[in-house]
Amino acid sequence: MSGIVEEVVIEKMEEYAETVSLRGLISNILMAIDLYNSKRAKEGGETVKIINEYIEDSLAELSEGHDAEFLEFIIRKYRNQNPETQKIVSDFDRSDYESMVPEIISILNDIVRGSRLDEQALIDARKFLELLEKNLTVVGLLQAGGEFDGGSFLTWHQ
Amino acid sequence: MEGPSSHGTNKASQLLISRLIRYNEILEGLAQEVESIKLPSASANVLKYVAMTARLLIKDVSRIADLMLPNIESQKELLDRFKTISSSIGIFIYFVENYILQSRGIPRSFYQLTELIRSELPEEWKFNYLACKGTSLGVLPINKYLMKILKSFLITRKEIANYPPLWLFIAPSSILRSPLEWSLVAHEIGHIIEKNNLRVLSRQYPDYKDTDTPLSTAKIRYEYAGELQADFIGAYFFGLSFIRQAIEEYYEDEQSLSLSHPSWGERVNVLVQHGLPNLPATDKCRDLLENYIGDLRLDPGLIRISESEVHTLISKTKEILNDSRIPPFDCGCKEFNDACEKLRQFLPYAKDYRVLLNGAILEQDNAISYYVTNKLGDEDKRFKEYDYLIQDCLRLCYIKMNQRILFETREAEEEMIASQEQGA
(Lines give C-alpha, C1' and ligand atoms only; values in the text may rest on other atoms or scores of the structure.)
Protein backbone atom coordinates (compact mmCIF):
# COMPACT_ATOMS: atom_id res chain seq x y z
CA MET A 1 0.00 0.00 0.00
CA SER A 2 1.28 3.44 -0.84
CA GLY A 3 -0.34 5.15 2.12
CA ILE A 4 -2.07 7.73 -0.07
CA VAL A 5 -5.54 8.47 1.15
CA GLU A 6 -8.00 7.42 -1.52
CA GLU A 7 -11.39 9.04 -2.02
CA VAL A 8 -14.14 7.29 -3.90
CA VAL A 9 -16.73 8.98 -6.05
CA ILE A 10 -19.53 8.98 -3.44
CA GLU A 11 -17.33 10.63 -0.81
CA LYS A 12 -16.31 13.30 -3.29
CA MET A 13 -19.93 13.94 -4.21
CA GLU A 14 -20.98 14.19 -0.57
CA GLU A 15 -18.12 16.53 0.32
CA TYR A 16 -18.91 18.72 -2.68
CA ALA A 17 -22.61 18.79 -1.76
CA GLU A 18 -21.68 19.92 1.77
CA THR A 19 -19.65 22.82 0.34
CA VAL A 20 -22.45 23.78 -2.05
CA SER A 21 -24.90 23.62 0.85
CA LEU A 22 -22.85 26.00 3.00
CA ARG A 23 -22.31 28.36 0.09
CA GLY A 24 -26.09 28.29 -0.44
CA LEU A 25 -26.75 29.04 3.23
CA ILE A 26 -24.45 32.07 3.15
CA SER A 27 -26.00 33.22 -0.10
CA ASN A 28 -29.48 32.90 1.45
CA ILE A 29 -28.46 35.06 4.42
CA LEU A 30 -26.92 37.69 2.14
CA MET A 31 -30.03 37.59 -0.06
CA ALA A 32 -32.26 38.23 2.97
CA ILE A 33 -30.07 41.13 4.13
CA ASP A 34 -29.91 42.64 0.62
CA LEU A 35 -33.67 42.42 0.17
CA TYR A 36 -34.26 43.90 3.62
CA ASN A 37 -32.01 46.83 2.71
CA SER A 38 -33.79 47.35 -0.56
CA LYS A 39 -36.38 50.11 -0.71
CA ARG A 40 -38.15 48.40 -3.59
CA ALA A 41 -38.46 45.14 -1.69
CA LYS A 42 -40.09 46.79 1.33
CA GLU A 43 -42.87 48.09 -0.88
CA GLY A 44 -44.02 44.58 -1.80
CA GLY A 45 -45.68 42.42 0.85
CA GLU A 46 -44.80 39.24 -0.98
CA THR A 47 -41.05 39.97 -0.84
CA VAL A 48 -41.21 40.65 2.90
CA LYS A 49 -42.81 37.22 3.31
CA ILE A 50 -39.99 35.66 1.27
CA ILE A 51 -37.32 37.47 3.32
CA ASN A 52 -38.81 36.02 6.51
CA GLU A 53 -38.97 32.58 4.94
CA TYR A 54 -35.27 32.73 4.03
CA ILE A 55 -34.35 34.02 7.47
CA GLU A 56 -36.33 31.32 9.26
CA ASP A 57 -34.59 28.66 7.16
CA SER A 58 -31.13 30.14 7.76
CA LEU A 59 -31.71 30.52 11.50
CA ALA A 60 -32.71 26.87 11.79
CA GLU A 61 -29.48 25.88 10.06
CA LEU A 62 -27.22 28.25 12.01
CA SER A 63 -28.69 27.22 15.36
CA GLU A 64 -27.58 23.63 14.72
CA GLY A 65 -24.07 25.04 15.05
CA HIS A 66 -22.13 22.23 13.41
CA ASP A 67 -20.64 24.05 10.44
CA ALA A 68 -17.41 25.36 11.98
CA GLU A 69 -15.69 21.99 12.03
CA PHE A 70 -16.51 21.21 8.42
CA LEU A 71 -15.58 24.71 7.22
CA GLU A 72 -12.21 24.49 8.95
CA PHE A 73 -11.58 21.06 7.44
CA ILE A 74 -12.65 21.88 3.90
CA ILE A 75 -11.09 25.34 3.58
CA ARG A 76 -7.72 24.21 4.96
CA LYS A 77 -7.75 21.07 2.84
CA TYR A 78 -8.10 23.04 -0.39
CA ARG A 79 -6.14 26.11 0.71
CA ASN A 80 -3.11 23.95 1.39
CA GLN A 81 -3.32 22.16 -1.94
CA ASN A 82 -0.73 24.35 -3.68
CA PRO A 83 0.78 27.88 -3.56
CA GLU A 84 -1.84 29.16 -6.02
CA THR A 85 -4.75 28.09 -3.84
CA GLN A 86 -3.03 29.60 -0.79
CA LYS A 87 -3.08 32.95 -2.57
CA ILE A 88 -6.77 32.85 -3.35
CA VAL A 89 -8.35 30.98 -0.42
CA SER A 90 -8.03 32.86 2.87
CA ASP A 91 -7.32 30.82 5.96
CA PHE A 92 -10.30 29.97 8.09
CA ASP A 93 -10.28 31.14 11.67
CA ARG A 94 -12.69 29.03 13.62
CA SER A 95 -12.89 31.45 16.56
CA ASP A 96 -13.82 34.30 14.16
CA TYR A 97 -16.62 32.15 12.77
CA GLU A 98 -17.85 31.11 16.18
CA SER A 99 -17.96 34.70 17.38
CA MET A 100 -19.59 35.94 14.16
CA VAL A 101 -22.45 33.41 14.08
CA PRO A 102 -24.27 34.91 17.12
CA GLU A 103 -23.88 38.36 15.51
CA ILE A 104 -25.45 37.09 12.30
CA ILE A 105 -28.27 35.37 14.22
CA SER A 106 -28.91 38.62 16.06
CA ILE A 107 -29.05 40.61 12.78
CA LEU A 108 -31.48 38.10 11.27
CA ASN A 109 -33.69 38.22 14.36
CA ASP A 110 -33.67 42.04 14.23
CA ILE A 111 -34.82 41.91 10.61
CA VAL A 112 -37.72 39.58 11.47
CA ARG A 113 -38.73 41.78 14.41
CA GLY A 114 -38.35 44.93 12.32
CA SER A 115 -35.87 46.38 14.84
CA ARG A 116 -33.32 48.99 13.83
CA LEU A 117 -30.14 47.33 12.58
CA ASP A 118 -26.70 48.13 13.96
CA GLU A 119 -24.98 49.54 10.84
CA GLN A 120 -21.45 48.58 11.87
CA ALA A 121 -22.48 45.05 12.87
CA LEU A 122 -24.18 44.68 9.50
CA ILE A 123 -21.08 45.87 7.59
CA ASP A 124 -18.85 43.47 9.56
CA ALA A 125 -21.21 40.53 9.07
CA ARG A 126 -21.56 41.19 5.36
CA LYS A 127 -17.78 41.45 4.90
CA PHE A 128 -17.30 38.18 6.76
CA LEU A 129 -20.01 36.35 4.84
CA GLU A 130 -18.81 37.61 1.46
CA LEU A 131 -15.29 36.35 2.16
CA LEU A 132 -16.63 32.98 3.25
CA GLU A 133 -18.81 32.75 0.16
CA LYS A 134 -15.83 33.56 -2.06
CA ASN A 135 -13.70 30.91 -0.32
CA LEU A 136 -16.41 28.28 -0.68
CA THR A 137 -16.84 29.17 -4.36
CA VAL A 138 -13.14 28.49 -4.98
CA VAL A 139 -13.25 25.31 -2.88
CA GLY A 140 -16.30 24.17 -4.88
CA LEU A 141 -14.48 24.78 -8.17
CA LEU A 142 -11.51 22.77 -6.93
CA GLN A 143 -13.75 19.96 -5.72
CA ALA A 144 -15.57 19.87 -9.03
CA GLY A 145 -12.20 19.11 -10.55
CA GLY A 146 -12.20 21.92 -13.11
CA GLU A 147 -9.00 23.49 -14.32
CA PHE A 148 -7.93 26.00 -11.70
CA ASP A 149 -6.94 29.28 -13.21
CA GLY A 150 -6.25 31.84 -10.49
CA GLY A 151 -5.94 34.74 -12.94
CA SER A 152 -9.23 34.39 -14.73
CA PHE A 153 -11.00 33.44 -11.53
CA LEU A 154 -9.79 36.65 -9.90
CA THR A 155 -11.02 38.65 -12.88
CA TRP A 156 -14.42 37.01 -12.61
CA HIS A 157 -14.60 37.85 -8.92
CA GLN A 158 -13.47 41.46 -9.07
CA MET B 1 -21.26 48.46 -1.86
CA GLU B 2 -22.23 50.08 -5.11
CA GLY B 3 -24.78 52.81 -5.40
CA PRO B 4 -28.30 52.60 -6.79
CA SER B 5 -28.68 51.16 -10.26
CA SER B 6 -28.06 53.25 -13.34
CA HIS B 7 -29.59 52.60 -16.75
CA GLY B 8 -26.62 50.33 -17.68
CA THR B 9 -26.93 48.46 -14.41
CA ASN B 10 -30.61 47.83 -15.05
CA LYS B 11 -29.77 46.35 -18.40
CA ALA B 12 -27.11 44.12 -16.87
CA SER B 13 -29.53 43.04 -14.14
CA GLN B 14 -32.20 42.22 -16.69
CA LEU B 15 -29.69 40.19 -18.65
CA LEU B 16 -28.76 38.14 -15.58
CA ILE B 17 -32.39 37.59 -14.66
CA SER B 18 -33.30 36.49 -18.17
CA ARG B 19 -30.36 34.08 -18.14
CA LEU B 20 -31.73 32.60 -14.93
CA ILE B 21 -35.22 32.24 -16.40
CA ARG B 22 -33.76 30.37 -19.38
CA TYR B 23 -32.91 27.53 -16.97
CA ASN B 24 -36.64 26.80 -16.67
CA GLU B 25 -36.80 25.48 -20.20
CA ILE B 26 -33.83 23.19 -19.55
CA LEU B 27 -35.38 21.99 -16.28
CA GLU B 28 -38.71 21.19 -17.94
CA GLY B 29 -36.87 19.32 -20.69
CA LEU B 30 -34.98 17.31 -18.07
CA ALA B 31 -38.18 16.50 -16.18
CA GLN B 32 -39.76 15.17 -19.37
CA GLU B 33 -36.68 13.15 -20.26
CA VAL B 34 -36.55 11.61 -16.78
CA GLU B 35 -40.27 10.76 -16.95
CA SER B 36 -39.80 9.00 -20.28
CA ILE B 37 -37.56 6.31 -18.70
CA LYS B 38 -39.40 3.05 -18.03
CA LEU B 39 -38.12 1.02 -15.07
CA PRO B 40 -39.57 -1.22 -12.31
CA SER B 41 -41.70 0.60 -9.75
CA ALA B 42 -38.99 1.00 -7.07
CA SER B 43 -36.87 2.87 -9.61
CA ALA B 44 -39.83 4.65 -11.19
CA ASN B 45 -40.42 6.25 -7.76
CA VAL B 46 -36.95 7.78 -7.91
CA LEU B 47 -37.53 9.06 -11.42
CA LYS B 48 -40.84 10.66 -10.37
CA TYR B 49 -39.07 12.34 -7.45
CA VAL B 50 -36.32 13.76 -9.65
CA ALA B 51 -38.80 15.00 -12.26
CA MET B 52 -40.87 16.58 -9.48
CA THR B 53 -37.72 18.28 -8.11
CA ALA B 54 -36.94 19.74 -11.56
CA ARG B 55 -40.48 21.16 -11.81
CA LEU B 56 -40.36 22.58 -8.29
CA LEU B 57 -37.09 24.28 -9.18
CA ILE B 58 -38.91 26.03 -12.01
CA LYS B 59 -41.25 27.57 -9.41
CA ASP B 60 -38.29 28.61 -7.28
CA VAL B 61 -36.39 30.08 -10.24
CA SER B 62 -39.47 32.04 -11.30
CA ARG B 63 -39.95 33.39 -7.78
CA ILE B 64 -36.28 34.37 -7.48
CA ALA B 65 -36.33 36.00 -10.91
CA ASP B 66 -39.63 37.84 -10.42
CA LEU B 67 -39.63 38.86 -6.77
CA MET B 68 -36.13 38.63 -5.40
CA LEU B 69 -33.30 39.51 -7.77
CA PRO B 70 -35.04 42.57 -9.31
CA ASN B 71 -35.24 44.06 -5.81
CA ILE B 72 -31.52 43.83 -5.15
CA GLU B 73 -30.19 47.33 -5.75
CA SER B 74 -26.44 46.73 -6.00
CA GLN B 75 -25.19 45.15 -9.21
CA LYS B 76 -22.34 43.40 -7.41
CA GLU B 77 -24.72 41.77 -4.92
CA LEU B 78 -27.03 40.77 -7.73
CA LEU B 79 -24.15 39.18 -9.62
CA ASP B 80 -23.01 37.27 -6.51
CA ARG B 81 -26.52 35.92 -5.83
CA PHE B 82 -26.92 35.02 -9.50
CA LYS B 83 -23.63 33.09 -9.49
CA THR B 84 -24.51 31.01 -6.43
CA ILE B 85 -28.04 30.29 -7.63
CA SER B 86 -27.09 29.42 -11.20
CA SER B 87 -24.20 27.28 -9.95
CA SER B 88 -26.63 25.22 -7.83
CA ILE B 89 -28.94 24.74 -10.81
CA GLY B 90 -25.93 23.74 -12.89
CA ILE B 91 -24.96 21.09 -10.32
CA PHE B 92 -28.52 19.72 -10.35
CA ILE B 93 -28.55 19.57 -14.16
CA TYR B 94 -25.16 17.84 -14.15
CA PHE B 95 -26.41 15.32 -11.59
CA VAL B 96 -29.53 14.51 -13.60
CA GLU B 97 -27.70 14.27 -16.93
CA ASN B 98 -24.71 12.29 -15.70
CA TYR B 99 -26.31 10.04 -13.13
CA ILE B 100 -30.11 9.87 -13.28
CA LEU B 101 -30.41 9.73 -17.08
CA GLN B 102 -27.56 7.20 -17.23
CA SER B 103 -29.90 4.71 -15.58
CA ARG B 104 -31.20 4.04 -19.12
CA GLY B 105 -28.01 2.22 -20.04
CA ILE B 106 -28.11 -0.33 -17.22
CA PRO B 107 -28.87 -3.97 -18.17
CA ARG B 108 -32.47 -4.91 -17.41
CA SER B 109 -31.34 -8.05 -15.60
CA PHE B 110 -29.35 -5.94 -13.12
CA TYR B 111 -32.61 -4.27 -12.09
CA GLN B 112 -34.25 -7.69 -12.03
CA LEU B 113 -31.63 -8.98 -9.59
CA THR B 114 -32.19 -6.01 -7.30
CA GLU B 115 -35.94 -6.63 -7.51
CA LEU B 116 -35.35 -10.26 -6.55
CA ILE B 117 -33.32 -9.17 -3.51
CA ARG B 118 -36.00 -6.64 -2.55
CA SER B 119 -38.65 -9.35 -2.76
CA GLU B 120 -36.97 -11.17 0.12
CA LEU B 121 -37.03 -8.13 2.41
CA PRO B 122 -39.86 -7.34 4.82
CA GLU B 123 -42.36 -4.89 3.32
CA GLU B 124 -41.10 -1.92 5.38
CA TRP B 125 -37.51 -2.62 4.28
CA LYS B 126 -38.22 -2.44 0.56
CA PHE B 127 -36.19 0.54 -0.63
CA ASN B 128 -36.48 2.76 -3.72
CA TYR B 129 -33.37 2.95 -5.88
CA LEU B 130 -31.88 3.74 -9.24
CA ALA B 131 -28.68 2.39 -10.79
CA CYS B 132 -26.17 4.22 -12.95
CA LYS B 133 -22.61 3.99 -14.20
CA GLY B 134 -19.75 5.56 -12.29
CA THR B 135 -16.07 5.12 -11.61
CA SER B 136 -16.47 3.19 -8.35
CA LEU B 137 -19.12 1.15 -6.57
CA GLY B 138 -21.17 2.99 -3.99
CA VAL B 139 -24.57 4.19 -2.89
CA LEU B 140 -25.70 7.81 -2.61
CA PRO B 141 -28.71 9.02 -0.60
CA ILE B 142 -30.50 11.04 -3.30
CA ASN B 143 -32.83 13.06 -1.04
CA LYS B 144 -30.01 14.15 1.23
CA TYR B 145 -27.81 15.07 -1.74
CA LEU B 146 -30.50 17.15 -3.42
CA MET B 147 -31.42 18.89 -0.16
CA LYS B 148 -27.80 20.03 0.09
CA ILE B 149 -27.11 21.12 -3.47
CA LEU B 150 -30.45 22.95 -3.65
CA LYS B 151 -30.00 25.01 -0.49
CA SER B 152 -31.01 28.24 -2.22
CA PHE B 153 -34.39 26.89 -3.33
CA LEU B 154 -36.84 26.97 -0.45
CA ILE B 155 -40.01 25.93 -2.30
CA THR B 156 -38.23 22.86 -3.66
CA ARG B 157 -36.57 21.84 -0.40
CA LYS B 158 -39.82 22.15 1.53
CA GLU B 159 -41.60 19.81 -0.87
CA ILE B 160 -38.89 17.19 -1.34
CA ALA B 161 -37.89 16.97 2.34
CA ASN B 162 -40.51 14.54 3.52
CA TYR B 163 -40.10 11.69 1.10
CA PRO B 164 -38.91 8.20 2.07
CA PRO B 165 -35.19 7.72 1.39
CA LEU B 166 -34.22 7.12 -2.24
CA TRP B 167 -30.89 5.61 -3.23
CA LEU B 168 -28.57 5.76 -6.18
CA PHE B 169 -26.36 2.75 -6.88
CA ILE B 170 -23.28 3.87 -8.71
CA ALA B 171 -21.27 1.05 -10.26
CA PRO B 172 -18.42 0.84 -12.75
CA SER B 173 -19.14 -0.63 -16.19
CA SER B 174 -16.92 -3.64 -15.41
CA ILE B 175 -19.39 -4.66 -12.69
CA LEU B 176 -22.57 -3.73 -14.55
CA ARG B 177 -21.51 -5.70 -17.62
CA SER B 178 -21.00 -9.03 -15.88
CA PRO B 179 -23.73 -10.81 -13.87
CA LEU B 180 -20.97 -12.69 -12.06
CA GLU B 181 -20.08 -9.42 -10.31
CA TRP B 182 -23.61 -8.57 -9.26
CA SER B 183 -23.49 -10.21 -5.86
CA LEU B 184 -21.37 -7.18 -4.88
CA VAL B 185 -24.54 -5.11 -4.94
CA ALA B 186 -25.59 -6.89 -1.73
CA HIS B 187 -22.90 -4.91 0.11
CA GLU B 188 -24.52 -1.66 -1.03
CA ILE B 189 -27.94 -2.98 -0.03
CA GLY B 190 -26.34 -3.68 3.35
CA HIS B 191 -25.60 0.07 3.71
CA ILE B 192 -29.15 0.93 2.70
CA ILE B 193 -30.94 -1.40 5.11
CA GLU B 194 -28.60 -0.33 7.93
CA LYS B 195 -29.50 3.33 7.37
CA ASN B 196 -33.20 2.70 6.67
CA ASN B 197 -34.01 -0.10 9.09
CA LEU B 198 -31.32 -1.88 11.12
CA ARG B 199 -29.66 1.12 12.81
CA VAL B 200 -27.15 -1.15 14.54
CA LEU B 201 -24.33 1.33 13.92
CA SER B 202 -26.09 4.32 15.41
CA ARG B 203 -26.79 2.31 18.55
CA GLN B 204 -23.25 1.02 18.75
CA TYR B 205 -21.66 4.42 18.11
CA PRO B 206 -24.05 6.89 19.76
CA ASP B 207 -21.42 9.66 19.86
CA TYR B 208 -20.92 9.68 16.11
CA LYS B 209 -22.39 12.69 14.30
CA ASP B 210 -23.10 12.90 10.58
CA THR B 211 -21.23 16.20 10.57
CA ASP B 212 -17.97 14.81 12.00
CA THR B 213 -15.14 15.66 9.60
CA PRO B 214 -13.68 12.81 7.51
CA LEU B 215 -10.41 12.99 9.45
CA SER B 216 -11.94 12.46 12.90
CA THR B 217 -11.26 9.09 14.51
CA ALA B 218 -14.96 8.82 15.45
CA LYS B 219 -15.94 9.18 11.80
CA ILE B 220 -13.30 6.72 10.54
CA ARG B 221 -14.32 4.16 13.16
CA TYR B 222 -18.01 4.55 12.27
CA GLU B 223 -17.34 4.33 8.52
CA TYR B 224 -15.06 1.32 8.89
CA ALA B 225 -17.61 -0.48 11.07
CA GLY B 226 -20.27 0.31 8.44
CA GLU B 227 -18.16 -1.31 5.72
CA LEU B 228 -17.50 -4.42 7.81
CA GLN B 229 -21.21 -4.71 8.54
CA ALA B 230 -22.15 -4.27 4.85
CA ASP B 231 -19.61 -6.97 3.94
CA PHE B 232 -21.28 -9.30 6.41
CA ILE B 233 -24.71 -8.53 4.97
CA GLY B 234 -23.29 -9.21 1.47
CA ALA B 235 -21.91 -12.56 2.62
CA TYR B 236 -25.18 -13.33 4.45
CA PHE B 237 -27.15 -12.77 1.22
CA PHE B 238 -24.71 -14.26 -1.27
CA GLY B 239 -22.33 -16.38 0.78
CA LEU B 240 -19.10 -17.22 -0.92
CA SER B 241 -19.82 -15.58 -4.22
CA PHE B 242 -19.82 -12.20 -2.51
CA ILE B 243 -16.53 -12.79 -0.71
CA ARG B 244 -14.84 -14.22 -3.78
CA GLN B 245 -15.98 -11.43 -6.10
CA ALA B 246 -15.04 -8.77 -3.58
CA ILE B 247 -11.51 -10.18 -3.40
CA GLU B 248 -11.22 -10.66 -7.15
CA GLU B 249 -12.58 -7.25 -8.04
CA TYR B 250 -10.79 -5.17 -5.46
CA TYR B 251 -8.10 -6.89 -3.48
CA GLU B 252 -5.26 -6.55 -5.94
CA ASP B 253 -6.24 -3.05 -6.95
CA GLU B 254 -5.76 -1.68 -3.46
CA GLN B 255 -2.97 0.84 -3.54
CA SER B 256 -4.01 3.34 -0.94
CA LEU B 257 -5.50 3.80 2.50
CA SER B 258 -9.03 5.08 2.70
CA LEU B 259 -10.71 7.26 5.33
CA SER B 260 -13.99 5.47 4.77
CA HIS B 261 -13.02 1.88 4.01
CA PRO B 262 -10.84 -0.52 6.02
CA SER B 263 -8.14 -2.30 4.05
CA TRP B 264 -9.28 -5.36 2.12
CA GLY B 265 -6.98 -7.40 4.33
CA GLU B 266 -8.94 -6.27 7.36
CA ARG B 267 -12.25 -6.86 5.60
CA VAL B 268 -11.41 -10.40 4.52
CA ASN B 269 -10.03 -11.13 7.96
CA VAL B 270 -13.26 -9.98 9.64
CA LEU B 271 -15.37 -12.00 7.19
CA VAL B 272 -13.40 -15.14 7.94
CA GLN B 273 -13.10 -14.66 11.71
CA HIS B 274 -16.54 -13.18 12.46
CA GLY B 275 -18.69 -13.58 9.36
CA LEU B 276 -18.25 -17.25 8.57
CA PRO B 277 -19.15 -18.56 12.05
CA ASN B 278 -22.48 -16.76 11.61
CA LEU B 279 -23.29 -18.38 8.26
CA PRO B 280 -24.68 -21.87 7.55
CA ALA B 281 -22.35 -24.69 6.40
CA THR B 282 -19.37 -22.90 7.89
CA ASP B 283 -16.86 -25.68 7.23
CA LYS B 284 -17.76 -25.97 3.57
CA CYS B 285 -17.59 -22.18 3.23
CA ARG B 286 -14.20 -22.14 4.90
CA ASP B 287 -12.83 -24.87 2.61
CA LEU B 288 -14.05 -23.09 -0.50
CA LEU B 289 -12.77 -19.76 0.77
CA GLU B 290 -9.27 -20.99 1.40
CA ASN B 291 -8.78 -21.28 -2.36
CA TYR B 292 -9.69 -17.65 -2.84
CA ILE B 293 -7.75 -16.22 0.04
CA GLY B 294 -4.53 -18.18 -0.49
CA ASP B 295 -1.57 -16.07 0.60
CA LEU B 296 -3.28 -12.69 0.68
CA ARG B 297 -1.79 -10.28 3.21
CA LEU B 298 -4.38 -9.29 5.78
CA ASP B 299 -3.07 -5.86 6.89
CA PRO B 300 -5.30 -3.43 8.80
CA GLY B 301 -6.29 -0.01 7.46
CA LEU B 302 -5.75 3.38 9.13
CA ILE B 303 -7.25 2.12 12.37
CA ARG B 304 -8.30 -1.32 13.56
CA ILE B 305 -11.75 -2.00 14.98
CA SER B 306 -11.45 -4.11 18.12
CA GLU B 307 -12.48 -7.77 18.15
CA SER B 308 -15.26 -7.12 20.66
CA GLU B 309 -16.65 -4.21 18.61
CA VAL B 310 -16.77 -6.38 15.49
CA HIS B 311 -18.31 -9.26 17.40
CA THR B 312 -21.14 -7.05 18.74
CA LEU B 313 -21.67 -5.48 15.31
CA ILE B 314 -21.94 -8.77 13.43
CA SER B 315 -23.99 -10.66 16.01
CA LYS B 316 -26.47 -7.78 16.40
CA THR B 317 -26.82 -7.47 12.62
CA LYS B 318 -27.35 -11.21 12.25
CA GLU B 319 -29.94 -11.20 15.04
CA ILE B 320 -32.06 -8.54 13.30
CA LEU B 321 -31.73 -10.25 9.90
CA ASN B 322 -32.85 -13.54 11.46
CA ASP B 323 -35.73 -11.89 13.33
CA SER B 324 -36.83 -10.33 10.06
CA ARG B 325 -36.94 -13.81 8.50
CA ILE B 326 -34.28 -13.13 5.92
CA PRO B 327 -32.60 -16.49 5.31
CA PRO B 328 -28.80 -16.57 4.92
CA PHE B 329 -27.43 -18.24 1.82
CA ASP B 330 -26.56 -21.85 2.61
CA CYS B 331 -23.74 -23.24 0.47
CA GLY B 332 -24.35 -26.64 2.06
CA CYS B 333 -27.89 -27.01 0.70
CA LYS B 334 -28.78 -29.73 -1.80
CA GLU B 335 -30.15 -27.17 -4.24
CA PHE B 336 -26.69 -25.63 -4.52
CA ASN B 337 -25.17 -28.97 -5.58
CA ASP B 338 -27.93 -29.45 -8.18
CA ALA B 339 -27.32 -25.98 -9.58
CA CYS B 340 -23.56 -26.57 -9.77
CA GLU B 341 -24.12 -29.81 -11.64
CA LYS B 342 -26.25 -28.11 -14.28
CA LEU B 343 -24.11 -25.02 -14.67
CA ARG B 344 -20.86 -26.92 -15.06
CA GLN B 345 -22.49 -28.51 -18.16
CA PHE B 346 -23.50 -25.10 -19.45
CA LEU B 347 -27.15 -25.85 -18.70
CA PRO B 348 -29.67 -23.34 -17.35
CA TYR B 349 -30.72 -23.25 -13.70
CA ALA B 350 -33.51 -20.91 -12.63
CA LYS B 351 -35.01 -22.07 -9.34
CA ASP B 352 -33.33 -19.59 -6.99
CA TYR B 353 -31.30 -16.50 -7.91
CA ARG B 354 -28.90 -16.75 -4.98
CA VAL B 355 -28.12 -20.39 -5.69
CA LEU B 356 -27.74 -19.46 -9.36
CA LEU B 357 -25.19 -16.67 -8.80
CA ASN B 358 -23.18 -18.73 -6.33
CA GLY B 359 -23.15 -21.75 -8.62
CA ALA B 360 -22.31 -19.58 -11.62
CA ILE B 361 -19.22 -18.22 -9.90
CA LEU B 362 -18.07 -21.51 -8.44
CA GLU B 363 -18.52 -23.41 -11.72
CA GLN B 364 -17.36 -20.76 -14.15
CA ASP B 365 -14.07 -22.49 -15.08
CA ASN B 366 -15.74 -25.89 -15.46
CA ALA B 367 -18.58 -24.47 -17.54
CA ILE B 368 -16.21 -22.63 -19.86
CA SER B 369 -14.09 -25.71 -20.33
CA TYR B 370 -17.25 -27.78 -21.04
CA TYR B 371 -18.29 -25.20 -23.64
CA VAL B 372 -14.91 -25.40 -25.38
CA THR B 373 -14.51 -29.20 -25.20
CA ASN B 374 -18.02 -29.85 -26.49
CA LYS B 375 -17.78 -27.07 -29.10
CA LEU B 376 -21.03 -25.46 -27.94
CA GLY B 377 -20.26 -22.32 -29.91
CA ASP B 378 -17.61 -19.85 -31.02
CA GLU B 379 -14.67 -20.28 -28.63
CA ASP B 380 -13.90 -16.57 -28.65
CA LYS B 381 -17.36 -15.88 -27.26
CA ARG B 382 -17.21 -18.41 -24.42
CA PHE B 383 -17.17 -15.86 -21.59
CA LYS B 384 -19.82 -13.68 -23.21
CA GLU B 385 -22.01 -16.74 -23.78
CA TYR B 386 -21.64 -17.72 -20.14
CA ASP B 387 -22.70 -14.19 -19.09
CA TYR B 388 -25.74 -14.48 -21.38
CA LEU B 389 -26.64 -17.86 -19.90
CA ILE B 390 -26.54 -16.47 -16.35
CA GLN B 391 -28.46 -13.32 -17.33
CA ASP B 392 -31.16 -15.43 -19.00
CA CYS B 393 -31.40 -17.68 -15.93
CA LEU B 394 -31.72 -14.60 -13.73
CA ARG B 395 -34.48 -13.31 -15.98
CA LEU B 396 -36.31 -16.63 -15.55
CA CYS B 397 -35.97 -16.33 -11.76
CA TYR B 398 -37.46 -12.84 -12.04
CA ILE B 399 -40.38 -14.03 -14.17
CA LYS B 400 -41.04 -16.83 -11.68
CA MET B 401 -41.03 -14.33 -8.82
CA ASN B 402 -43.60 -12.19 -10.63
CA GLN B 403 -45.72 -15.24 -11.43
CA ARG B 404 -45.58 -16.27 -7.76
CA ILE B 405 -46.65 -12.78 -6.69
CA LEU B 406 -49.46 -12.84 -9.26
CA PHE B 407 -50.55 -16.30 -8.12
CA GLU B 408 -50.50 -15.27 -4.45
CA THR B 409 -52.45 -12.11 -5.23
CA ARG B 410 -55.08 -14.11 -7.13
CA GLU B 411 -55.28 -16.61 -4.30
CA ALA B 412 -55.74 -13.81 -1.75
CA GLU B 413 -58.44 -12.21 -3.93
CA GLU B 414 -60.26 -15.51 -4.26
CA GLU B 415 -60.09 -16.07 -0.51
CA MET B 416 -61.43 -12.58 0.11
CA ILE B 417 -64.34 -13.09 -2.32
CA ALA B 418 -65.11 -16.48 -0.76
CA SER B 419 -65.15 -15.03 2.77
CA GLN B 420 -67.37 -12.14 1.59
CA GLU B 421 -69.79 -14.61 0.01
CA GLN B 422 -69.82 -16.69 3.19
CA GLY B 423 -70.49 -13.54 5.23
CA ALA B 424 -73.34 -12.56 2.89
Hey, are the side chains of [X] and [Y] touching, using non-hydrogen atoms and a 4.5 Å cut-off?
X       : Y       : value
E133(A) : D80(B)  : yes
I149(B) : Y16(A)  : no
E11(A)  : E223(B) : no
L67(B)  : I50(A)  : yes

Inset, instruction - With sequence neighbours left out, write down each residue that passes salt bridge (Lys or Arg N to Asp or Glu O under 4.0 Å) with K87(A), or none if nothing qualifies. - result: E84(A)
Inset, instruction - Quick one: list whatever passes salt bridge (Lys or Arg N to Asp or Glu O under 4.0 Å) with E72(A), sequence neighbours left out. - result: R76(A), R94(A)
Inset, instruction - Sort out for me which of D67(A), T19(A), D57(A), L136(A) touches chain B most, counting heavy-atom pairs under 4.5 Å. - result: D57(A)
Legend entry - When E61(A), E14(A), E53(A), E130(A) are compared by non-hydrogen pairs under 4.5 Å with chain B, the top option: E53(A)
For [X] versus [Y], what's the shortest heavy-atom pair and its separation?
X       : Y       : answer
S152(B) : Y54(A)  : O-OH, 2.9 Å
S136(B) : V9(A)   : OG-CG1, 3.1 Å
M13(A)  : Y145(B) : O-CE1, 3.5 Å

Legend entry - Among L154(B), L140(B), I91(B), L168(B), residue most engaged with chain A (heavy-atom pairs, under 4.5 Å): L154(B)
Legend entry - Residues E77(B) and R126(A) bridged, charged N to O under 4.0 Å: yes
Inset, instruction - Could you tell me whether K219(B) and E69(A) make a salt bridge, using a distance below 4.0 angstrom between a side-chain N and a carboxylate O? - result: no
Tell me whether [X] at atom [atom1] has more than 12 heavy atoms from other residues, nucleotides or ligands lying less than 6.0 Å away.
X       : atom1 : result
R113(A) : CZ    : yes
Y163(B) : OH    : no
E56(A)  : CD    : no

Need one label for [X]: side chain, backbone, both or neither, based on atoms under 4.5 Å from any heavy atom in chain A.
X       : answer
I170(B) : side chain
F95(B)  : side chain
L69(B)  : side chain
L150(B) : neither

Inset, instruction - Tell me the residues of residues 20-27 of chain A whose non-hydrogen atoms fall below 4.5 Å from those of chain B, in number order. - result: V20(A), S21(A), R23(A), G24(A), L25(A), S27(A)
Inset, instruction - Examine whether an atom of E64(A) lies under 4.5 Å from a heavy atom of chain B, and if so say whether it belongs to the side chain, the backbone or both; otherwise answer neither. - result: neither
Legend entry - Pairing residues for E227(B) by the side-chain contact (heavy atoms from CB on, under 4.5 Å) criterion, not counting sequence neighbours: H187(B), H191(B), H261(B), P262(B), R267(B)
Inset, instruction - For the pair D34(A) (side chain) and E73(B) (backbone), establish whether a donor and an acceptor sit closer than 3.5 Å, ignoring hydrogens and angles. - result: no
Inset, instruction - Could you tell me the separation between the CG atom of L35(A) and the CG atom of N71(B), rounded to the nearest 0.5 Å? - result: 6.0 Å
